[in-house]
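No experiment lies behind these values; they were computed from the predicted model shown. Naming: A, B, ... by sequence-line order, numbering from 1 per chain.
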Amino acid sequence: MSAAGIFATWAAALALVAMALAVTRPNVVHALIWVVAGLLSLAAGFFALGAGFAGAVQILIYAGAIIAVFVFVVMTIDSGPEAIARERARLAAGWKGPLVLMLLVLAPALLGLLAGPGGQGDGAPLPVPARTLGMLLFGPWALAVEAASAMLIAALLGARHLARREGGR
Amino acid sequence: MSGFLTAALVLAAGLFAVGLFGLVARRGVLFQIIALEIMLTGPALAFVAAGAHHGDPAGQGMFVFVLVLAASEVALGLALYLRLARHADAGDSDTIRELRR
Amino acid sequence: MSALLPHIALGLGALAAMLLAPKAPPVAARTAAALGMGLAALFAALRLGLPEGMAVPVLADDGLARFGTLIASLSGLATLVYLRPAPPAREGPALLALATLGAALIAGATHAATLFIGLELVTLSLIALFVLPLTRTALEAGYKLLIMGGAGAAALLMGLAFAYAATGSLELSGWMPGPGLRGDPVLALAAGFLLAGVAFKFALVPFHMWAPDGFQGAPAAAAAFAGAASKAAVAIALLRLAAVGLPEPIWSAGLALAAAASMLLGNFLALRQESLPRMLGYSSVAHSGYLAALVATGTAAPEAVPFYLLAYMPALIAALCIAARIGADAQLADLRGLVWRAPLSGAVLTLALISLAGLPAVAGFIAKIYLFLAILAAGNWLLLAAALIGSGLGLYYYLRFVVVLYRRIPPGQDAPHYPVRAPVETADAPLPLAEALVLGGAGMLLLAAGLVPGPFAAALAGLLP
Amino acid sequence: MLTPFLALLLVPAPAMGAFLLLGLGPAELNRRAVQTVALVGAVLPAVVMLPLGAYCLMGTCDGIQPIFDLTVGDAVVALALKLDPLSAIVGVTVTLIGACVIGYSIDYMAKAEVPDLRRYFALMNLFLASMLCMVLAGDSIVLFLGWELMGLCSFFLIAYHVTSSRAIAAGRKAFVITRVADAFLLAALLLLFLEAGNVRLDALIPAGIAADELRQGLIAALILAGALGKSAQLPFHTWLPSAMAGPTPVSALLHSATMVAAGAFLLARFAPLMQAVPLVMALTAVLGAATALFGAASAVFQKDVKRLLAYSSISQIGFMLLALGLGEPEVAIAHFVVHAIFKSLLFLSAGDITQIARGTTDISAMRGALWSRPLAFVAFAAGAASLAGIPLVTAGWFSKEAILAAAWLAGPFGVVLWLVAMTAAVLTATYAFRPVFTGLTRIGRPRPSLGGIFTNLPIALLAVATFAVAPLVEPIMEFLGGAAPHPPHAVELVGAAAPFLGIALAAALTFVPGLSLRVARARRMRSGIRIDGIYQVIIVQPFVKMVRWLTGQRGGIADPVGSIPVLVAQRLTAAAIRPLAHDPLDRGWMGLGAGMVRAWGAGRRIQSGRVRDYALALALGLALLLLIAWGTTWR
Amino acid sequence: MALTALIVLPLLGGIAALFLQRFGRDAERWFSIAVLAAALVALVVAWVGAPPEDAPGPQWLAMVRYQYAPALGLQFLLAMDGLSAALVAVSLALGIVSVIISWNIRKDSGLFHACLLWTVAASNGVFLAMDLLFFAFFWELMLVPSFLLISIWGHGDREAVALKFLVFNAVAGLGLLAAVFWMAATAPEITFDAFVFAEMGIPPVAQVWLLLGFSLAFLTKLPAPPLHAWLPDAHTMAPTAGSILLAGLLLKTGAYGLFRFPGMLFPDGFHVLAPYGLALGAFGTIYGAVLACGQTDAKRLVAYTSIAHMSIVLMGLAGGVHFAMMGAGVEMIAHAFSASALFLLIGALYDRTGTRDLRELGGLQQTAPRFAAAFAVFFSAALAMPGTANFLGEALVITGMFQVNWVLAAVALVSLVVSVVYATRLLKRIVFGAPIRACVVQDLTWSELGPIVVLATGTLLFGLLPQLLLVVLEPAVDAALAPLARP
């Protein structure tokens, strides 16, 4: 495995740990911070894989914009100590089952992946310049991109409707 | 299949599984939405790594779409969360069960 | 470029409806969306039978795609007529047009990107449509679809990503397990993930949980769209996936297993439901099972799946639209004596229910024959047993609803007014003529395809390679 | 094709027409109209038959009138009427007797209600038509049609007094027993049909003779059984005495003169076939002789005139069968003709005498008949004389003598039969003259009276005929293709003496008080040998028991074959449901349904409404799919 | 086209009759008669029309083949030979009779007439369909209107009886369905065409099992003991028209199926199973006759005689010889007339007296001579008097039995004797005897007399001029027997 590969794996592993912490925090804000940490680690991994555009988008949009929206929402609700205690109690009550379930899903995936024909090729990630990506997105994939924008519009329409004031027009 | 790709796919599966764990284990609506986001990072990593492996821009292209989906879901999800919070205890999704059986 | 005309019409219709929604009278947005869908249907219909090819590199332009676009647009139109959630929801028409666009994309998807985006476009539009009434149950339905849809989407994406990693291709046709890839565990895992993702959209057991709740809580028109157009599109996607030949036996075995479970559980849980939409939700699970069984057995008749859709969609749309006329969450008791109070609705509902039950003289019967013949030809005894038991159970609960339609209300009792719990009748309520047209059209289609299925079958067989 | 034989079709037609008009026609008819239709229907056949008989006498008497032909598979069904000496002689007899009896009925039945009268005449005419069909039949189907319809008419006419349960029971008894015989006959005819591939008698009889021995014997035996049943011969005789419950003209026509004797006709018809099977012939002769003696002996002790005459019929037909069994069908048919005349005469005159005695048919009703009803009594005496066989003047002597002669000439076996028959002949004279002598005993001072023209004309005609036919007996035999057998004169003298011995015995029985009392007490003989009782025990009671058992009247399960599978199925279902059902009454499908509902109630909990549970299911499904995916590639 | 009309006319007519009830008095009755008469015209048209060119045999008089969904092997295939034509004619005639004698039914008369017409339509479908999927469909469809007839307009414990009828026949019908689908699935190309199945060469062992499946359905409908338990109840509790249709049509469908398919499709299976069929028939004819002797309910009595007579038909069909088969065909038609007429008469009596109990009846001869005369005529038919079509049928069957096995012939002859016992019992209890108060009734009215005359004419006409029927049946019989002759 090349050095870039090792670094990317390391970064992704960090991200996994961060995400694991995120889903187990009773405090929403802490969880969000761990998510951001995980996303940033992933971005680092993307850079190491030579996917600079993806890394940049990850930092800007994901870790930046989306989480910011989260934080805004979190700030509208109070998460006092009793809310955190309640959350902790709920988590403590039922984490074993989900864990087993998670392992159940993971096990065949891991077994399958590790049994696969590993170690072929030169092992180094191949960098993809942003330009070729642009050629793809605005060339053959143009329709898909348009459709993705339709997806955003749909989400927007829905969110706008939901955000309408009670008894609004 | 190169070594780093296998590792990345394993980690992607891990991310997906962690998200799934969150979805099943957490009762707060907000936590569930966060778990969803985490679930989506799994395929994101897998796409980017596979793109890097094949030297193909399509991986990053798909990553962009995943990102769009994540954004859309967050938008809708948060709006829904706010709306739900007016009717029910959005901190505990188990209470949102009028429709059942 | 003309191959994209339906999509363009849908997109423009959606855009126009969206822009008209805030200020213009509600009927304007509705008209814009209807125009878009109507034009899309027209274009798709006109293109039936033309030479096939690729519209753009990610979208096929073949018989299946045109057929999918046509039926998605038509069911979009039909559901638009009945789309009238309680508080005026101006976004409805635009969302419906977007959902239709998504369905059209799925129908033509030969590429992971189009498939994924089409599916998610439908899902997101449906979430938004589900929550339109802003009632608690509607929100709950939307919420469930959101969470489950997100998980399903993630699973689907995992599948796509694994397949991409294994083959380096995002074209569906690139996943054909060649000599080097046979027995590749990554591709097999990809198939598993993909199956889970598609099964979620298709509401197959155990990924079906959102369907009954959604049908019950959401506006009937949205549910009708979810059950009819989106299901049709996903069925076409399933056909395409089956055609490229994902790794066997995981594909057929998994699909057959899910199909059997759906047929059994869907029919079983529908048994004594009092709520018409909820019953239809479970029934849609069961029918997904039947369709999946058709795909899983690799039926010899190319027109089997399209014919099943042709039989299933009008029945479901008609039934849910009549439920919408009666009011939110129509109950069994509300249907009593419907035939005598509202003959058209009663008659069409009868036809729809017996078609769903698979009784003769209506299209559902022919569809059931396709199903049983395919299962028998494949010699899959598990599926046969499940289909037999499921159909038997189905007979019970469909006929339970049919019988009540004909049970006169004793003279002493008050007749429930029809519509029983009237929805808010506002200016944007569509013309009764349009409703009658939709119901009548659905009824005629069911009867025609049941009595003279020959031409239909021939036409559908001609659509497919 | 227009042949004289076309007229054959016209013989039964009027009677059939009268039946249709009276029996099934919807129009209302008054008494006069009913009587007219009946009479016309009864007389016209005779009018048509007599010229035919004459034609037959003069021309070549062998003609066939086809009705229709059709083919069933390889077989030919060719229906036809046939005129040959046998059918001509019997046909003329039947039409004449029929006309007489139906004419007589007009007076006799004068008191009946119009609907009853209509029914009566309709059935009498139907009977006449069917008897003629049978006599003139040229094929087995028409033969059997007539044969069965006669039985049907017999049933309805015996049960004419529908309010009398005795009459109905008698009718059922007669019908069932004759039906048994009919079944034998049907079997024989069908077997012959299978042999010949044709139903024409001309084809059947040769085919029967040509059949293999076993089959030939079987067919002959079955035909004999059919004849025995219809003719009330041992062991089927029990129905005839009880059949006297019908009106007297019915007894005269059906149950003595014509229908009952049809067995003899049948055997004569199939004589060539029967003669091919010596064993059956011997059986016929023995049964005939035995029946002759048994009938005569039973008749002697009867208290009731009609029953006496019924036993007499049994006995006389026994004589006919004796002749048939000896291979002399011509003699038998001659006796058939003579018997038809004197027996109908006896019934009609006895009926006339007893009718004025307030309906009772006890032999005591005859008392003083000479004075009260002189014409009828004289006629009765003439009939009795013929029955007894007073030598040289009566027809009865000629025909009976021929039978006795035939027996004597049949070798050592025949001599035994001759002895039996001779004893029977003595007893015949005895019972024949008992009523006559009773009629001579005067009681009170009765005023002589005469019946109407319809009563007297037939009686007078028949009375004259009993003597007029006497010289014709031998020509009849010759016409039929036989010759009157003549035994040694000594034997003939013994035969001539027998009636006188019998008459003397009768006088003794009537006028010697001690003897007449003893006769009155002889119950056993009066009711005949109790074969009725044997049938009751071995057939009727077990049948009734079986029916009662099968219909659940004995506390069992009604219709066990149908019910037991149902009960077993119900038990099994109940047993399968029991673990699920709380309510023990809730059996069968309802139980299954209830179990289903409960299962549904439990099953729907899966759909808990909690998103987390939904995700759980989703994850489980995914895990399963991935497991399968991995499993399929695991090496 | 005319063949299609035989099914479609009554089917649609039934739907129309549902609504005609609203338009004035008796509209639905006249309409039903008109529909059935029109169907009779269609039958004549089909009958006299040119024989079809594409028919697989010369015995077919008319045929309709419409490819319905070719890929599924679904086709609308009707074919009429002599037997089907005769049975369809009988079904239409009995339909008209049923309408006429139900003139006083007032309760939901629209639905009542719809049920009558649907029963006729479905049984016509059974008699004509040569596509086995359609055959099976009509087979099951037939149960629905009959079920309604019993459960809505029946007497006594009608719901339970109707359910019994339904359960028995629906469950038995599964045997047919399973066999049909098995054949369709194993055919080289998916089809339900009986003519194709006939040429398919089904392996002998499979033939036995398939024939068992078919027979389960057919024998239950026939009905042959021990599958007959539904019939006495259903006959007894059904309204008069229902009894007529049950006896005249439904039972005949079972016999028709046994006539048409075993020889055509399963000649090897037939050779294996025929002895059991003969034994069953022999048992049934005696059993039914003996049980009829012990009944106290007049309709029940006639129902058991139906079992006896249909068992004779079974013997004829299982005999596999020409005469027996012809006899079975004739007996089917004859029994349709005679049993229907007896049910009609008893029904008319029940309408007047309110009882069918033989112990409470009597003296009809005195009070209602026309009634009595009608009883006597059909009494003769039940006895198989020569001159009635029943005799023709039974005599032919017995002839055939002599060719097969003399013991069976003897059994059939015994049943002839027992028939006298039950028939005279019926007559003795109803017609004879002193008039009982309950039996002082109005004589048959003209509207009752009309159907009676029609039925009597049928019975006597075919009895006296049998060629009318035999000529029609013969080609069908020859064709049915032809495959059996194959070694």
Of all heavy-atom pairs linking A12(A) and L11(B), the shortest is CB-CD1, 3.4 Å

Contacting region of T24(A) [heavy-atom separation from chain B under 4.5 Å] | both

So do the side chains of L162(A) and L76(B) get within less than 4.5 Å of each other, counting heavy atoms only?
-> yes

Check each atom of A58(B) against the heavy atoms of chain A and say whether the ones under 4.5 Å are side chain, backbone, both or neither.
-> both

Go through the atoms of A8(A) and report whether side chain, backbone, both or neither lie under 4.5 Å from a heavy atom of chain B.
-> neither

Given the options E87(A), M151(A), Q58(A), which has more heavy-atom pairs under 4.5 Å with chain B than any of the others?
-> E87(A)

Taking every heavy atom of A70(B) against every heavy atom of Y62(A), the minimum-distance pair comes out as CB-OH, 3.4 Å

Relative to the ring of F63(B), is the ring of F46(A) parallel (under 30°), tilted (30 to 60°) or perpendicular (over 60°)?
-> perpendicular

Contacting region of L16(A) [heavy-atom separation from chain B under 4.5 Å] = both

Determine, step by step, whether L91(A) and R26(B) satisfy the side-chain contact (heavy atoms from CB on, under 4.5 Å) criterion, reporting the C-alpha distance in whole Å, the side-chain angles of both residues, the deciding distance to 0.1 Å, and the verdict.
-> CA-CA 6 Å; L91(A) 189 59; R26(B) 305 305 300 259; 3.5 Å; yes

For G94(A) and A25(B), the nearest pair of non-hydrogen atoms, with its separation, is O-CB, 4.0 Å

Look at A75(B), G22(B), G55(B), G77(B) and state which one has the largest set of heavy-atom pairs under 4.5 Å with chain A.
-> G55(B)

So which of L133(A), V69(A), I61(A) has the biggest tally of heavy-atom pairs under 4.5 Å with chain B?
-> L133(A)

Identify which part of A51(A) has an atom lying under 4.5 Å from any heavy atom of chain B, answering side chain, backbone, both or neither.
-> both

side-chain contact (heavy atoms from CB on, under 4.5 Å) assessment of E37(B) paired with V35(A) | CA-CA 9 Å; E37(B) 296 302 308; V35(A) 169; 5.8 Å; no

Rounded to the nearest 0.5 Å, what's the gap from CD1 on I34(B) to CD1 on I67(A)? Could you check?
-> 7.5 Å

Worked check of side-chain contact (heavy atoms from CB on, under 4.5 Å) between V105(A) and F21(B) | CA-CA 10 Å; V105(A) 173; F21(B) 170 82; over 6 Å; no

Would you mind telling me which of T41(B), L82(B), L78(B), L20(B) has the largest number of heavy-atom pairs within less than 4.5 Å of chain A?
-> L78(B)

State, to 0.1 Å, how close A7(B) and T9(A) come at their nearest heavy-atom pair, and which atoms those are.
-> CB-CG2, 3.6 Å

Stepwise side-chain contact (heavy atoms from CB on, under 4.5 Å) check, L23(B) with V23(A) = CA-CA 9 Å; L23(B) 204 60; V23(A) 294; over 6 Å; no

With chain A, which of L67(B), V74(B), V64(B) has the greatest number of heavy-atom pairs at distances under 4.5 Å?
-> L67(B)

In terms of heavy-atom proximity below 4.5 Å to chain B, should L49(A) be classed as side chain, backbone, both, or neither?
-> both

Identify the two heavy atoms, one from P26(A) and one from F31(B), that lie closest to each other, and give their separation to 0.1 Å.
-> O-CZ, 3.4 Å

For D92(B), is it the side chain, the backbone, both or neither that has a heavy atom under 4.5 Å from a heavy atom of chain A?
-> both

Do the non-hydrogen side-chain atoms of F65(B) and V145(A) ever get within less than 4.5 Å of each other?
-> yes

Side chain, backbone, both or neither: which part of L152(A) has a non-hydrogen atom closer than 4.5 Å to chain B?
-> both

Identify the two heavy atoms, one from L106(A) and one from A17(B), that lie closest to each other, and give their separation to 0.1 Å.
-> CD1-CB, 3.7 Å

Which region of E73(B), side chain (C-beta onward) or backbone (N, CA, C, O), has a non-hydrogen atom less than 4.5 Å from a non-hydrogen atom of chain A, or is it both or neither?
-> neither

Residue Y81(B) versus chain A: region with a heavy atom under 4.5 Å = side chain

With only heavy atoms counted, which part of A13(B) is less than 4.5 Å from chain A, the side chain, the backbone, both or neither?
-> both

Rounded distance [0.5 Å steps], CG in L114(A) versus CG in L9(B) | 10.5 Å

Under 4.5 Å from a heavy atom of chain B, the part of A93(A) involved | neither

For chain B, find which of F72(A), W95(A), F70(A), F53(A) contributes the most heavy-atom pairs closer than 4.5 angstrom.
-> F70(A)

Could you tell me which portion of M62(B) (side chain, backbone, both or neither) has an atom closer than 4.5 angstrom to a non-hydrogen atom of chain A?
-> both

Atom pair CZ (R86(A)) and CZ (R27(B)), whose distance is rounded to the nearest 0.5 Å | 10.0 Å

